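Computed from a predicted structure; not experimentally measured.
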Number of protein chains: 2
Amino acid sequence: MKYTLAEEDYLKAIYKIAERQGVPVSTSAIADLMQTRPASVTDMLKKLAEKELIDYKRYHGVSLTKTGARWATQLIRKHRLWECFLVDKLGFNWDEVHEIAEQLEHIQSETLIDRLDDYLENPKFDPHGDPIPDASGAYRMRYQILLSDLGIGQRAILVGVREHGSTFLQYLDQNGLALGVDLEILEILPYDGSLRLRLAANDPILISGQVARQLYVRQIPTTG
Amino acid sequence: MKYTLAEEDYLKAIYKIAERQGVPVSTSAIADLMQTRPASVTDMLKKLAEKELIDYKRYHGVSLTKTGARWATQLIRKHRLWECFLVDKLGFNWDEVHEIAEQLEHIQSETLIDRLDDYLENPKFDPHGDPIPDASGAYRMRYQILLSDLGIGQRAILVGVREHGSTFLQYLDQNGLALGVDLEILEILPYDGSLRLRLAANDPILISGQVARQLYVRQIPTTG
DNA sequence: GTCGTACTTTAGCCCTGTCTAAAATTGTCC
DNA sequence: GGACAATTTTAGACAGGGCTAAAGTACGAC
């Protein structure tokens, strides 16, 4: 099967929203994410339903069918593998790859993506810490604990980011917040929920609660 | 500047035809190469002329403007670099890469292609022996001598192919005709112009005149 | 249960790129 | 120089995807 660029973009959007907010996915949520108008979304939903990629009831939102979910997962696999390629092989920074991968994910060729996967040595996570589905669509769930869920004195390793905007990622770079860093919460300011963190041997840094809610971590048991 | 997929395909087609048959390029030649109808071509030519990518006079064919030629060259650069990537890094055979590269050449990102070029160590020729333009659009002309231009007893190295179809390339593979092989013309059959070739230490092979006219070679001066 | 607001869909239009059928142009052959 | 065949262009239509404006639906507040 082959789908158009627009159809693929819609499938991915529906998948992403369903993943975060659950089903059913509303027309306006899709319009919002895709920077388009609800009326346009409705038009496309009818086409996707026609092709049995989504289940759609007028006025009641949509959910992906098995086929639709499968295709969306493949798109995500492609997107994330290309991001790995751009960062690991071509030396891009993690804040520069999203838009290029948005284009590359539409390239049609099963073989291509399987060979790319092998070439990259079958990575399990992309440069933002998002899990990469395998050829069958299965993937290992990432730790879903946010830095904002932890308390004072707890230690953790940064394993992923929820927000992918380049300004946000550059901000993390400038503060030494890269995937894999080991951090400890020194203090949580009562006024606005900002966090003071210790990163390795550096001076402590201060981040807002809003930033903390964008960071996935794996907790390290505090020894002793 | 940004152009649509269709516009880019037309530019490339015009460039290719101009390269082989010279200017002006006729509407039907374009329709032919692109597997579309002359009427559709006319429509698009008006749009390209509007954008000053081509010079177009009704009923008298077209030629690329400086801007149009520049853009076409960049597309060819992208196409050929991606072919190198697919063959050299991902292990594709030279008969499998054309269609994938057709898609990849439309990816929009200057940086991407420059980094890819560096990653591949700035190749000068693609897997079919076609020259790769540099970032400024300049490229080194390949030897334009065809195997069919040589006479009995002459030696040469295979440096390129004119035809890119996969059946043709597979035929070459099966007969040991890879780029870089050293060959000698043992005999030219008077009846139909077929050639008997010696390849390295192997048994001689017989190829048709039609095949010989698709093979670019660099002649080796016959010593003694 | 009715009302009002927010959300969703429909209707009708636009643009891109394609097509077929018909009209126009070119250029060649006599 | 005229007629005809081949080529090219125009006219009008259609499918994909998007928009605005207007109409329809859902559902919480009362």
With a cut-off of less than 4.0 Å, is there a side-chain N or O of Y10(B) near OP1 or OP2 of dT18(C)?
yes
Using only side-chain N and O atoms of S26(B), determine if any of them is under 4.0 Å from OP1 or OP2 of dT7(D).
no
Donor-acceptor contact present, side-chain D126(B) to main-chain H128(B), <3.5 Å
yes
With respect to the phosphate group of dG17(D), does any side-chain polar atom (N or O) of T36(A) fall under 4.0 Å of OP1 or OP2?
no
With K89(B) as the cation and Y119(B) as the aromatic partner, state whether NZ or CZ is under 6.0 Å from the six-membered ring centre and within 45° of the axis.
yes
Atom CG of L48(B) and atom P of dT18(C) are separated, to the nearest Å, by 11 Å
Using heavy atoms to find the nearest nucleotide of DNA chain D for K47(A) and G61(B) separately, return the residue whose nucleotide is more 5′.
G61(B)
Residue closer to the 5' end of DNA chain D, R37(A) versus H60(A) (nearest nucleotide):
R37(A)
Just call it for S40(B): base, sugar-phosphate, or nothing, with non-hydrogen atoms closer than 4.0 Å on any strand.
base
Phosphate oxygens OP1/OP2 of dT9(C): is one of them under 4.0 Å from a side-chain N or O of Y56(A)?
yes
Could you tell me whether the phosphate oxygens of dG24(D), OP1 or OP2, come under 4.0 Å of any side-chain nitrogen or oxygen in R58(A)?
no
In terms of the angle between their ring planes, are Y171(B) and F168(B) parallel, tilted or perpendicular, with boundaries placed at 30° and 60°?
parallel
Take Y59(B) and K57(A), find for each the nucleotide of DNA chain C with the closest heavy atom, and name the residue whose nucleotide sits nearer the 5' end.
K57(A)
Is the distance from OP1 or OP2 of dG17(D) to the nearest side-chain N or O of T4(A) less than 4.0 Å?
yes
Give a yes-or-no answer on whether the side chains of H164(A) and D95(A) include a donor-acceptor pair shorter than 3.5 Å.
no
Within the structure shown, what part of the strands sits under 4.0 Å from T42(B) by heavy-atom distance: base, sugar-phosphate, or nothing?
base
Considering only dT26(C), dT8(C), dC19(C), which nucleotide approaches the side chain of T27(A) most closely?
dT8(C)
